[in-house]
Student: 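This is the structure I want to talk about, given as structure tokens.
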Amino acid sequence: MEKHLLAIPNRCTGCNRCVYACAAVKEGMFMPSKARLKINNIPHQGYSVPSVCFHCPKPDCLEACPEEAIFRNERGVVVVDARKCDGCGDCVSACPYGMIEQYGSGKAFKCDLCGGNPACVAECHFGALVFKEPDKTARKLRGTQMKQRITEGSPAQKRHELAVRIRDEAVRIPRTPGYMGG
Amino acid sequence: MAQTGPTQAGVSGQGSILVDALDREFLDALGGYGLYSYGIRHPRIVAAVKAQLDRSPQYSQEMLDPLRAQLARVLALLTPGKIQYGFFANSGTEAVEGAMKLAKLHTGRKGFIAMLRAFHGKTLGALSLMGKKVFRAPLLPLLEGVRHVPFGDAAAVEQTLAAAKAVGDDIAAVVAEPVQGEAGVVVPPPDYWPRLREICNHYGVLLIADEVQTGMGRTGEIFGVDHWNVAPDIICLGKALGGGVVPMSAFMSTPAIWECMEPNPFMHTTTTGGNPLACAAALAAIKVLLEEDLAGQAKTKGAYMLNQLRQLQAKYPGVLAEVRGLGLLIGMEFPTDGIGYKVAAGLFSRGVLTAGTLTNAKTIRIEPALSVPQNILAEVLNRLEDVLKTIELPRRAQPMNLYAGQVLHVDLTTRAIQSQPLNLAWLKDYIGGWGLGVRYFYDRVDPQVDPLGPDNAVVIMTGPLCGTLAPTASRTCLVSKSPHTGTIFESNIGGAFGPELKFAGYDGIVVTGRADRPVYLRIEDDQVSLEDAQSLWGQGIFATEEWLAAAMGPGVKSLSIGPAGENLIPYACIGSEAYRQMGRGGAGALFGSKKLKAIACKGTGGVQVADMGLFWGKITQYKESNLLTDANLWAKNDGTPMLVDVTNEMGIHPTRNFTAGFNPKRHALNSEAVNAIKIGDRACASCPLGCGNFTSLNGVQVEGPEYETLCLAGSNCEVNDLEQVMRFNRLCDDLGLDTISTGGTIGLAMELSTSGVHDFGLKFGQAAEYLAVAGEIAGLSTPRGRDLALGAAKLGAKYGAAGEAAQAKGLEMPAYDPRGSYGMGLAYATSERGACHLRAFTILADDPFKLKAMARDVMNQQNRNAAKWSMCFCDFWGSVDTPMMADMLSTGLGRQISAEDLNKAGERVWNLIRLFNLRAGFTAADDVLPEKMTKQALKNGPHDGRVLSAENLAEMKALYYHLRGWDADGRPRKEKLRELGLENLAG
């Protein structure tokens, strides 16, 4: 079975190191707006939810692309061929999780799992991001997140809305040791 | 609509001068979006319509109307090719609707090919042709069979036609604007229209030219397609057709095509289209068009404008990116939406009307009357150049490593906002954060300034490693003159405001002046503005943050104040992310005095480093080998509450208004108690320690309480009840009160009530009143609230008990009793902002009572921490030293900064703030501690019975001054100032 990048929101501290690392790998500078994953901080209620690309079984972005610039590669990872992308933005509206966005040029960008060694996971010191073959608990957690499909709003608004909806999953006791062990 | 002024409000005008509802005159370079080709209220057109109004404003549908016939005949003579018959309607979009119906009826096919970014109107049929998602998507499905191809690409049209034919889904017509207007004035290649004609002929498809904007002389020929001698099958007219006086449009075609209308002439009808007023206007307009040779004028004046604009483009290349157009349909393109907006706004304020475009925000259109006098065009160009001069070139012409390179200067009085290059000459000596903040502040402010007056400045400064993976190095400093102590002070905050500011492109912000009504500073990259905050005035920090998130979208980072700051409580704090504060020294009151409710920021830029691989490697090495080791992991595992047990054990845990150093009921407040109710770890930006404890108890939730709150608002008030301390913490965070000063002041009031000096209705251990009084302080709503709002020093003085207040220079003491750790006493006495534990922290010294060692420790730690806060590292990376910091900084910058440079920078800061305080009127006599410390014996714990005598303090102080190179009065000697390069700043 293939490995999944999984977010475990109840462990996330909101530090954004994963985001900085992602941008550093992909853009060569610390530029969170262009990172392929994002952290939604809800500080007042004391929780944070990482937004990651699920590389969906039926990716809305892939289906929406009129140029066939989005495809699933040999590893099962949903990626963008920037040469084919014409910047129409249909994938951005289509993704219900806000996980594909556009550069100023219009070209789309999204998570490619760093070719199988995601830089974000290595920077997470609280085990809120894991990359592994999913077990039953992980599948359930991923399912809860994927079930929230938000069709309205900007990518940032969609991610925030998802974070608000899964609050009960994100705030739980105990948050630190014990759950899924990293 | 993407317009910049109330163009629709024009109440009068003539020719190319428009007068708005407020009687302001504008040069009309907009021409009513193509309506006023003949000028505003052309006398001959107005006269014709007036005359017609007196004859017959409307006709009877059953009778023949000679005016319509006459107009149709005239138009048939003007229009290209075999176009003969037409239909009159009221607006451009109706003309397009009619053209589409005609094409479908004639061909018996359903499909259309339209162009990307095309604009043909917004009724449902025309909308189907629209080339922009935002207007279409919410209304789907629209007409089926419409395809879009790029404008100007004839091959794409041909391919699409071939494909449609191959699958039997045939096309009725190809629809295009001769020159795309709303897309930002896009002129196609010269062979485009001739090729479209050929291709349509080849496939037997109709060619529809939408001349609504380009027709009637606008582009320098009577119709746009005349430039290429192409005869479309159907032509759509509108806008200027009605002479700029009456709404009027038409679609026209050839007799062969019109045949399809004949079997049932009622297939397309209108009650008002082509009414006598409109026909009279159109006939008069065409007369003007021909007699005044408006097309010829448009050609000449258009060429002049394009030539002049291209010269401006060459002169201001970073501002005006492109100029294009045909005749007097001209588009100026700017590098960003932001610049385009500024130019449009600048022109408007200089009395020139122009228009943005609906489908492209970076472009401004110039579309004046075709008869516009030459002197008006020259004046428009003049004013345009005047605007272009004021637009700052894109920032970061020279990209910097680590630093953003810009500092935002905001004058609230004049509402002037300027982004200025970072002062590079100061970087090596002052680094960032505290140091650079002090340098900017010192440069700006007279030390005698009234802290709450408009002349005081607030400097907010990030550090060089802020916004990078360097752990714990994203704190943000605020430097100003304190309303609580009257000294210069620094207060810093974690969270993520600093990184966001840097991503927006600024290392710091300098705020001066005072707004005349509540405002907030809104920063979105290079769009910076002061916005109304009247509705937020009076709101707590939590509600303010919620409001800002709704206004600016999720992810906005802010610094804001609550009622305490608004009411100028001298120990009001600034809050961020609900539970983080610039706590000490009254920064909140400074915002309040400036009527600045908040600074809210969103940034999309980045921070670059010299070599990402090297930098990341270095950071990871220090993180693994130093940060995440036993010296610092207490922060990750427990956070600051672990200090409750540590300080109690040492006997320096302030209890019962600093009467005792040991709290027997500490177990209610210690780390174990906090961990038991913790439901999550919280971290500042880029921090792998995550020391924040989010707690929940009996429905009370808060991030915290931190050690200082547990002690000052817990032990020191003898409120040994975690739930009540959490309530107090949350309340203060929302009201914007510093919990240390508030807890310390309430503790004093409890003591004064108990000892009978004055009854404030506050008793040690009684939580209800202690919770109530926090709101009374912030709101100044009761006599005791107003008393306690003075702070401990002035409250004590007012009731003749100055010695009972645990404070230095007026700032309430933090939670380490100096009687059990003499170094802390010296640290409190010599700190620039009064009693502060973040300048030097000696409680872990081997012998905390050894005077000589303490003097030296305090000085060294002050210098080291000044460097550390200039680098904006967090206190909790306790084991980071200047060689490590210098190594990280050098690697990121790509040039060498030594540990010695950082040490010197720290010492320089310490001397410069001393100079400020001396010039503000402070002397060695202010470097003292109250009688509570020097005369009253500490009770309980290992140091029971101890005082820190005035003699002992004086001895430490003398030695400390000497070590610092200061004279006996605590004045930096000339040699020291010279050594640090400060001799010119001594004043």
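Predicted, not measured: the structure shown is a model, and the values here were computed from it. Throughout, protein chains are lettered first and strands after them, A, B, ... in sequence-line order, and every chain is numbered starting at 1.
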Student: Roughly how far apart are A/E123 CD and B/T620 OG1, rounded to 0.5 Å?
Tutor: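 The CD atom of A/E123 sits 5.5 Å away from the OG1 atom of B/T620.
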Student: Show your reasoning for whether side-chain contact (heavy atoms from CB on, under 4.5 Å) applies to A/V25 and B/W616.
Tutor: CA-CA 10 Å; A/V25 169; B/W616 199 342; 3.5 Å; yes
Student: Under 4.5 Å between any side-chain heavy atoms of A/P43 and B/E703, yes or no?
Tutor: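 A/P43 vs B/E703: side chains apart.
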Student: Is chain B contacted by the side chain of A/C124, its backbone, both, or neither, given a heavy-atom distance below 4.5 Å?
Tutor: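 Neither; nothing under 4.5 Å.
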Student: State, to 0.1 Å, how close A/M29 and B/V607 come at their nearest heavy-atom pair, and which atoms those are.
Tutor: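 A/M29 and B/V607 have their closest heavy atoms at CB-O, 3.4 Å.
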Student: Is it the backbone or the side chain of B/L116 that comes under 4.5 Å from a heavy atom of chain A, or both, or neither?
Tutor: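 B/L116 has no heavy atom closer than 4.5 Å to chain A.
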Student: Measuring heavy-atom distances to chain B, does A/K34 have an atom under 4.5 Å in its side chain, in its backbone, in both, or in neither?
Tutor: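 Only the side chain of A/K34 comes within 4.5 Å of chain B.
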Student: Please flag which part of B/K623 lies under 4.5 Å from any non-hydrogen atom of chain A: side chain, backbone, both or neither.
Tutor: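 The answer is the side chain of B/K623.
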Student: Which bit of A/D90 comes within less than 4.5 Å of chain B, counting heavy atoms only: side chain, backbone, both or neither?
Tutor: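 Looking at A/D90, backbone and side chain both touch chain B.
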Student: Using every non-hydrogen atom in the two residues, find where B/V609 and A/F30 come nearest and quote the distance to one decimal.
Tutor: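 Scanning both residues completely, I find the closest heavy atoms to be CG1-CE1, 3.9 Å.
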Student: Is it the case that over 12 heavy atoms from other parts of the model lie below 6.0 angstrom from the CD atom of A/E152?
Tutor: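 No, because the 6.0 Å sphere around CD of A/E152 holds 12 heavy atoms or fewer from other groups.
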Student: Considering all heavy atoms of both residues, which atom of B/C687 and which atom of A/C15 are nearest to each other, and what is their separation?
Tutor: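 That closest heavy-atom pairing would be O-CB, 3.4 Å.
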Student: Report, as yes or no, whether the 6.0 Å neighbourhood of atom CD on B/E672 holds more than 12 heavy atoms from other residues, nucleotides or ligands.
Tutor: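 Not more than 12 within 6.0 Å, no.
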Student: Does a side-chain heavy-atom distance below 4.5 Å link A/S93 with B/K133?
Tutor: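 Side-chain contact under 4.5 Å: yes.
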Student: Could you have a look at B/M612, B/R580, B/Q701 and say which one has the most heavy-atom pairs with chain A under 4.5 angstrom?
Tutor: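 Most pairs with chain A among the choices: B/M612.
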Student: Does atom CZ (A/R75) have a neighbourhood of more than 12 heavy atoms from anything else shown, all under 6.0 Å?
Tutor: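 Counting neighbours around CZ of A/R75, 12 or fewer heavy atoms of other residues, nucleotides or ligands fall under 6.0 Å, so no.
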Student: Is it the case that more than 12 heavy atoms not belonging to B/E546 sit under 6.0 Å from its CD atom?
Tutor: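 No, the 6.0 Å shell around CD holds no more than 12 heavy atoms from other groups.
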Student: What's the shortest heavy-atom distance between B/R682 and A/C12, and which atoms?
Tutor: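 Closest approach of B/R682 to A/C12: NH1-O, 3.5 Å.
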Student: Just so I understand: if I count every heavy-atom pair under 4.5 Å between each of A/G89, A/G153, A/S33 and chain B, which residue has the most?
Tutor: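 Option with the greatest count: A/S33.
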Student: For a 4.5 angstrom cut-off between non-hydrogen side-chain atoms, does B/P499 reach A/Y20?
Tutor: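 The answer is yes, as the side chains (C-beta and beyond) meet within the 4.5 Å cut-off.
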Student: What residue, out of A/A21, A/C18, A/A156, has the most heavy-atom pairs lying under 4.5 Å from chain B?
Tutor: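 Going by pairs under 4.5 Å, I would pick A/A21.
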Student: Does any part of the side chain of A/P32, heavy atoms only, come nearer than 4.5 Å to the side chain of B/E500, both counted from C-beta?
Tutor: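 No, side chains not in contact.
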Student: Name the member of B/G690, B/A137, B/P688, B/A578 that forms the most heavy-atom pairs with chain A at distances under 4.5 Å.
Tutor: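 When all of B/G690, B/A137, B/P688, B/A578 are compared, B/P688 has the most.
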Student: For each of A/A24, A/C88, A/S154, tally heavy-atom pairs with chain B at distances under 4.5 Å, and name the one with the top tally.
Tutor: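 Result: the option with the highest number of such pairs is A/A24.
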Student: Please flag which part of A/A23 lies under 4.5 Å from any non-hydrogen atom of chain B: side chain, backbone, both or neither.
Tutor: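 Neither part.
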Student: Give, as side chain, backbone, both or neither, the part of B/E577 having an atom under 4.5 angstrom from any heavy atom of chain A.
Tutor: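 Both parts, heavy atoms under 4.5 Å.
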Student: Where do A/R17 and B/I619 come nearest, in terms of heavy atoms and distance?
Tutor: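 In this case the closest contact between A/R17 and B/I619 is NH2-CG2, 4.3 Å.
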Student: Which bit of B/I677 comes within less than 4.5 Å of chain A, counting heavy atoms only: side chain, backbone, both or neither?
Tutor: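 The answer is neither part of B/I677.
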Student: Give, as side chain, backbone, both or neither, the part of A/H44 having an atom under 4.5 angstrom from any heavy atom of chain B.
Tutor: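 Looking at A/H44, backbone and side chain both touch chain B.
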